*Asks:* 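Have a look at this one.
Count residues from 1 along the sequence. In this text the structure is predicted, and so the values were computed from the model without any measurement.
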Amino acid sequence: MASNKDKHHEDEMAIDRVNSQLTDASKKLADNKKIILIALGVILVVAAFTMSYLFIYRNPHVEKAFDEYNQVETQPNINDSIAAEQYKAVADKYKGDTAGKLAALSAAEALYNAGNYEEAAEYLKRFSSDDDILEANALVLTGDCYVNLENYDEALSYYTKAIRKAQGNPQIVPRVLLKEANVYDAQANYGEALNCYNQIKANYPEFKLGNGMDIDAYIAREEARLAQ
């Protein structure tokens, strides 16, 4: 049997619950109004912050990034090693910015030309673009880096990505298929090399190999290798 003290405690708890419910009911409209006002205040603060960020920080920041990139870009008679270091400085300073990404691509090109293939590949991975053609060419160059490093499987993976990104572009896709065929030849995978040449012949008949040979000669060579 509950003592008077326990009963008194239960009564107090019941009263507290009722008071709480009544308080919630009476404040509901006021609280909703407060929530609306707070939400509007937050929106205005965010909008003000965004505008301030764009005009006070972001726009000057973007301008400065492009200025520094262009300073390297417009230097006359600069060798690849020096250019690579200067582009890297801009790319490292403005990571994630458009100018930083372009600097990473330019650094990679200079590093590649200087024979620093591993570092070139790392900077290429920091580049991205909404332009599919530019992105595809960057992927091709990454594949070329790995070919020079004799990491053929990695090279093929980037060539595959480049073909996918190029979406049938007649200037890019057959060129990449030719690169793939060369890699497959290096791996003595003549069946896959033959497949690449057949794709070029079937889908890109206007593509010029540029070495005096036509595509049929390459196909015949791979067929002869497979027959051995």
*Asks:* Any side-chain to backbone donor/acceptor pair from Asp97 onto Ala99? Under 3.5 Å, distance only.
*Replies:* no

*Asks:* So which atom in Ala104 and which in Ala91 form the shortest heavy-atom distance, rounded to 0.1 Å?
*Replies:* N-CB, 3.6 Å

*Asks:* How far apart are the C-alpha atoms of Leu111 and Tyr117, what are their side-chain angles, what is the distance that settles it, and do they pass the side-chain contact (heavy atoms from CB on, under 4.5 Å) test?
*Replies:* CA-CA 7 Å; Leu111 287 164; Tyr117 305 119; over 6 Å; no

*Asks:* So, the side chain of Asp216 versus the backbone of Ile219: is there a donor-acceptor pair under 3.5 Å, distance only?
*Replies:* no

*Asks:* State yes or no: do Tyr184 and Val140 share one hydrophobic cluster built from I, L, V, M, F, W and Y residues joined by side-chain heavy-atom distances below 4.5 Å, directly or via other members?
*Replies:* yes

*Asks:* So, do Arg175 and Tyr204 sit near enough that their side-chain heavy atoms are less than 4.5 Å apart?
*Replies:* no

*Asks:* Return all side-chain donor-acceptor pairs below 3.5 angstrom for residues 164-171, not counting sequence neighbours, or 'none' if the list is empty.
*Replies:*
unit_1	atom_1	unit_2	atom_2	d
Gln167	NE2	Asp132	OD2	2.8
Asn169	OD1	Gln171	N	2.8
Asn169	OD1	Ile172	N	3.1

*Asks:* Taking only residues two or more places apart in sequence or in another chain, which ones pass side chain to side chain contact (heavy atoms under 4.5 Å, CB included) with Ala114?
*Replies:* Asp80, Ser81, Asn116

*Asks:* Tyr146 and Val183: same hydrophobic cluster, using ILVMFWY side-chain contacts below 4.5 Å?
*Replies:* no

*Asks:* Report the distance from atom OG1 of Thr98 to atom OH of Tyr69, rounding to the nearest 0.5 Å.
*Replies:* 11.5 Å

*Asks:* To the closest 0.5 Å, what do you measure between CG (Leu226) and CG (Leu194)?
*Replies:* 6.0 Å

*Asks:* Test Leu177 against Glu180 for side-chain contact (heavy atoms from CB on, under 4.5 Å), laying out the working first.
*Replies:* CA-CA 5 Å; Leu177 286 169; Glu180 283 189 335; 3.7 Å; yes

*Asks:* Go through it in stages, so that I can follow the logic: the residues are Asp92 and Arg126, the test is salt bridge (Lys or Arg N to Asp or Glu O under 4.0 Å), and I'd like the CA-CA distance, side-chain angles, deciding distance and then a yes or no.
*Replies:* CA-CA 10 Å; Asp92 294 342; Arg126 289 165 52 174; 3.0 Å; yes

*Asks:* Evaluate side-chain hydrogen bond (donor to acceptor under 3.5 Å, both in side chains) for Thr142 paired with Lys125, printing each intermediate quantity in order.
*Replies:* CA-CA 8 Å; Thr142 310; Lys125 289 171 187 176; over 6 Å; no

*Asks:* Would you say Ser157's side chain and Glu154's backbone share a donor-acceptor pair under 3.5 angstrom?
*Replies:* yes

*Asks:* Would a single hydrophobic cluster contain both Ile163 and Ile133, if residues Ile, Leu, Val, Met, Phe, Trp and Tyr are joined by side-chain heavy-atom contacts under 4.5 Å?
*Replies:* yes

*Asks:* With respect to Asp144, which candidate in Tyr158, Tyr112, Tyr159 satisfies the side-chain hydrogen bond (donor to acceptor under 3.5 Å, both in side chains) definition?
*Replies:* Tyr159

*Asks:* Using the test side chain to side chain contact (heavy atoms under 4.5 Å, CB included), find all partners of Ala83 that sit at least two apart in sequence or belong to another chain.
*Replies:* Ile78, Tyr87, Ala110

*Asks:* Measuring from atom SG of Cys196 to atom CG of Asn182, what distance do you get when rounded to the nearest 0.5 angstrom?
*Replies:* 9.0 Å

*Asks:* To check you understand the geometry: which heavy-atom pair defines the closest contact between Tyr123 and Ala108, and what is its length?
*Replies:* CB-CB, 4.1 Å

*Asks:* Under 4.5 Å between side-chain heavy atoms, counting indirect links through other Ile/Leu/Val/Met/Phe/Trp/Tyr residues: same cluster for Leu139 and Leu141 or not?
*Replies:* yes

*Asks:* Should Val147 and Lys179 count as side-chain neighbours, where that means a heavy-atom distance under 4.5 Å?
*Replies:* no

*Asks:* With side-chain contact (heavy atoms from CB on, under 4.5 Å) as the criterion, how do Leu105 and Leu134 come out once you've worked through the C-alpha distance, each side chain's angles and the decisive distance to 0.1 Å?
*Replies:* CA-CA 10 Å; Leu105 177 60; Leu134 192 57; 4.2 Å; yes

*Asks:* When you look at Cys145 and Glu118, which way does the side-chain contact (heavy atoms from CB on, under 4.5 Å) test go after all the steps?
*Replies:* CA-CA 7 Å; Cys145 288; Glu118 190 166 353; over 6 Å; no

*Asks:* With rounding to the nearest 0.5 Å, note down the distance linking CG in Asp185 to CZ in Arg221.
*Replies:* 5.0 Å

*Asks:* Side chains of Glu222 and Asn195: does their closest heavy-atom pair fall under 4.5 Å?
*Replies:* no

*Asks:* Kindly compute the distance separating CG (Leu178) from OH (Tyr218), expressed to the nearest 0.5 Å.
*Replies:* 6.0 Å

*Asks:* For Gln187, does the CD atom have more than 12 heavy-atom neighbours from other residues, nucleotides or ligands under 6.0 Å away?
*Replies:* yes

*Asks:* Would you compute the distance between atom CG of Asn189 and atom OH of Tyr152 and round it to the nearest 0.5 angstrom?
*Replies:* 13.5 Å

